[in-house]
Amino acid sequence: MTWDIFCAVVDNYGDIGITWRLSRQLADEHGIAVRLWVDDLAAFRRIRPEIDPDRAIQHLAGVEIRRWTTPLPDVEPGELVIEALACDLPEDFIARMAARRPSPVWLNLEYLSAEDWVEGVHGLPSPHPRLPLTKYFFMPGYTPATGGLPRERGLTARRQSFQADAEARAAFWAGLGLPGEDPETPRVSLFCYDNAALPGLLDAWAAGPRPIRLLVPEGKALPVIARHLGLAAPMPAGANWHRDALSLHVLPMLDQDAYDRLLWACDLNFVRGEDSFARAQWAARPLVWQAYRQNEEAHLAKLDAFLARLRAHADETGAADAADLAAGFWRAWNRESPACATLWPSFSAALPALAGLMESWRARLEKQPDLATNLLNFYRKLLK
Ligand code: TRH
């Protein structure tokens, strides 16, 4: 069975991060021949250094990766076609889909959201205005009536064995050129957008009573940090900076598997967008999410929807106080408010309770089928 997945890189790494993860899993766990069409292979290379941006066709981890060119090479569409994250399929490809017998199943894989309306849209058909084709909305989400979350087989076991293996973690830190773990110095990974609350938080960390080791991947946080520190340019990967209680290290972009290990090994993870947010939930460590900014502050509704689900879970597990402290801090972070600095002491005091909450949240989510399995089930149901 062949599936075509189309990915247009709009911005950042989420589009390619999500489609690559899914493609790899479909090939690996379900034996599907996936053709992943990508319009920006250079962005792909940042999260998979093996990618050659100049090659029209290449193979990696059992996936055929195709450069999405205009016009598209003349290929027969597969049994299922995914238009990821509302990218528009090329008209000539749609015409070939209409000519194919049997017609391919056509899905629009949307962005992840915890909002209630997602359940009502998941699976809805949208007939093509002219051609004998129907596109279906496939909505990732947090409840059984949605498409679920991406999760590979054995993910939790891999995470738990890494977290229990001090030698593996020491080798991981050494590979990044970082000192070994010290229980008195929490490690915080910081993957965020150019957040105006960051300078105040850096000052609070530096002035705090406990040492903190801050790990910042190359990217959008660094210009903000450079301005605050009065540096002429953002620090490069490998750079270190220290002030009082704060030690800051700039990391290179890691490949997705190594980034997972970073999330597993840190005591707190700041994440953003969609895919790193989902991975931080599977890491089951305390986290702070910065939602991708949208017009009319639509991202704040997404934030509140997630926090409401987490709070309902916390009510059941007796962790409501910790969930409330997290919600206050997350809201301040997403509003880029200076209140982050004043909220930090109470939020950080809640980290042990939040670790328990995120582990039970992970276990709850894991009871539901993963996104790839749901995709296959959806496909099979349509064929009946
Ligand atoms: O990069 P993002 O901000 O992507 C965003 C969001 O997906 C957003 O919803 C979307 O609308 C917008 O793009 C266009 O954040 P996200 O989703 O977390 O994707 C980052 C990817 O990069 C994820 O797959 C993890 C990966 N990554 C690495 O592989 N190595 C790294 O070192 C880091 C920091 C990230």
Side-chain angles (χ1 to χ4, degrees), residues 3 5 14-15 17-19 21-22 25-26 30 80-87 105-128 133-152 155 271-282 287 289 291-317 320 323 326-327 330-331 334 357-358 360-384:
W3 286 15
I5 301 183
D15 309 290
I18 292 160
T19 50
R21 198 184 289 293
L22 174 65
Q25 188 190 357
L26 287 168
H30 301 285
L80 183 137
V81 177
I82 296 180
E83 159 183 320
L85 311 167
C87 69
V105 170
W106 181 4
L107 301 183
N108 173 9
L109 174 65
E110 272 291 348
Y111 289 101
L112 168 66
S113 173
E115 289 161 294
D116 290 338
W117 60 263
V118 166
E119 291 187 347
V121 176
H122 179 60
L124 282 187
S126 163
H128 192 279
L133 284 171
T134 300
K135 176 158 74 178
Y136 294 87
F137 289 97
F138 196 90
M139 311 294 296
Y142 290 88
T143 61
T146 69
L149 290 168
R151 185 186 76 240
E152 301 82 19
L155 177 64
V271 287
R272 72 185 201 192
E274 178 166 335
D275 194 51
S276 58
F277 179 37
R279 300 317 280 186
Q281 291 173 67
W282 295 132
L287 67 144
W289 177 42
Y292 183 74
R293 277 184 215 117
Q294 287 176 290
N295 291 338
E296 293 164 15
E297 309 224 304
H299 59 293
L300 296 182
K302 278 190 165 185
L303 175 76
D304 284 343
F306 178 84
L307 287 172
R309 289 194 189 280
L310 187 65
R311 172 64 208 249
H313 171 74
D315 275 342
E316 288 172 24
T317 54
W330 287 31
R331 289 200 174 100
N334 279 273
L357 174 65
M358 294 321 297
S360 67
W361 175 249
R362 188 275 312 157
R364 180 189 197 109
L365 294 180
E366 206 166 319
K367 290 194 185 116
Q368 295 173 31
D370 69 284
L371 186 121
T373 303
N374 282 333
L375 270 172
L376 263 154
N377 290 340
F378 189 80
Y379 169 76
R380 290 187 184 124
K381 222 161 100 188
L382 283 178
L383 290 192
K384 275 188 195 154

Just one of L85, L371, I5 clears the side-chain contact (heavy atoms from CB on, under 4.5 Å) bar with I18, so which one?
-> L85

Side chain to side chain, T19 and I82, heavy atoms closer than 4.5 Å = no

Answer whether the closest heavy-atom distance between the side chains of W3 and L376 falls below 4.5 Å.
-> yes

side-chain contact (heavy atoms from CB on, under 4.5 Å) between R331 and L307, intermediate numbers included = CA-CA 9 Å; R331 289 200 174 100; L307 287 172; 3.9 Å; yes

Please report the shortest heavy-atom distance between R21 and E152, naming the atom on each side.
-> CG-OE2, 3.3 Å

Is W106 close to T134 at the side-chain level, that is, under 4.5 Å between some pair of heavy atoms?
-> no

For L357 and L310, what are the C-alpha separation, side-chain angles and deciding distance, and is it a side-chain contact (heavy atoms from CB on, under 4.5 Å)?
-> CA-CA 9 Å; L357 174 65; L310 187 65; 4.2 Å; yes

Could you give the distance from CG (L382) to CG (L80), rounded to the nearest 0.5 Å?
-> 9.0 Å

Atom pair CG/OH of L124 and Y136 - distance to nearest 0.5 Å | 10.5 Å

Y111-Y292 aromatic ring centre distance below 6.0 Å = no

Measure the CG-CE distance between L107 and M139 for me, rounded to the nearest 0.5 Å.
-> 12.5 Å

Heavy-atom side-chain proximity of H30 to L375 below 4.5 angstrom | no

Kindly state each residue pair satisfying side-chain hydrogen bond (donor to acceptor under 3.5 Å, both in side chains) with at least one member in residues 373-384, sequence neighbours excluded.
-> D370-T373

Roughly how far, to the nearest 0.5 Å, is NE2 of H122 from CD of E119?
-> 9.5 Å

Do R279 and W282 touch side chain to side chain, with heavy atoms closer than 4.5 Å?
-> yes

Sub-4.5 Å side-chain heavy-atom contact between L287 and M358 | yes

Scanning both residues in full, the closest heavy-atom pair of P140 with V118 reads O-CG1, 3.7 Å

Taking all non-hydrogen atoms of both residues into account, name the closest pair between S360 and T317 and its distance.
-> OG-CG2, 4.0 Å

Answer yes or no: is there a side-chain heavy-atom contact under 4.5 Å between L383 and V105?
-> yes

Is there a ring pair (Phe, Tyr, Trp, His ring centres under 6.0 Å) between W361 and F306 once you walk through the steps?
-> CA-CA 12 Å; W361 175 249; F306 178 84; 5.6 Å; yes

Taking it one step at a time, do L112 and K302 satisfy side-chain contact (heavy atoms from CB on, under 4.5 Å)?
-> CA-CA 9 Å; L112 168 66; K302 278 190 165 185; over 6 Å; no

Roughly how far, to the nearest 0.5 Å, is the CG atom of L303 from the CD atom of E115?
-> 10.5 Å

Separation of W289 CH2 from H299 NE2 (nearest 0.5 Å) | 9.5 Å

Full working for salt bridge (charged side-chain N to carboxylate O under 4.0 Å, His left out) between D116 and R309 | CA-CA 10 Å; D116 290 338; R309 289 194 189 280; 3.1 Å; yes

Of all heavy-atom pairs between N334 and A291, which one has the smallest distance, and what is that distance?
-> OD1-N, 2.8 Å

Indicate yes or no: at least one non-hydrogen side-chain atom of Q281 is less than 4.5 angstrom from one of Y142.
-> yes

Expected output: side-chain N108 to main-chain K135 donor-acceptor under 3.5 Å | no

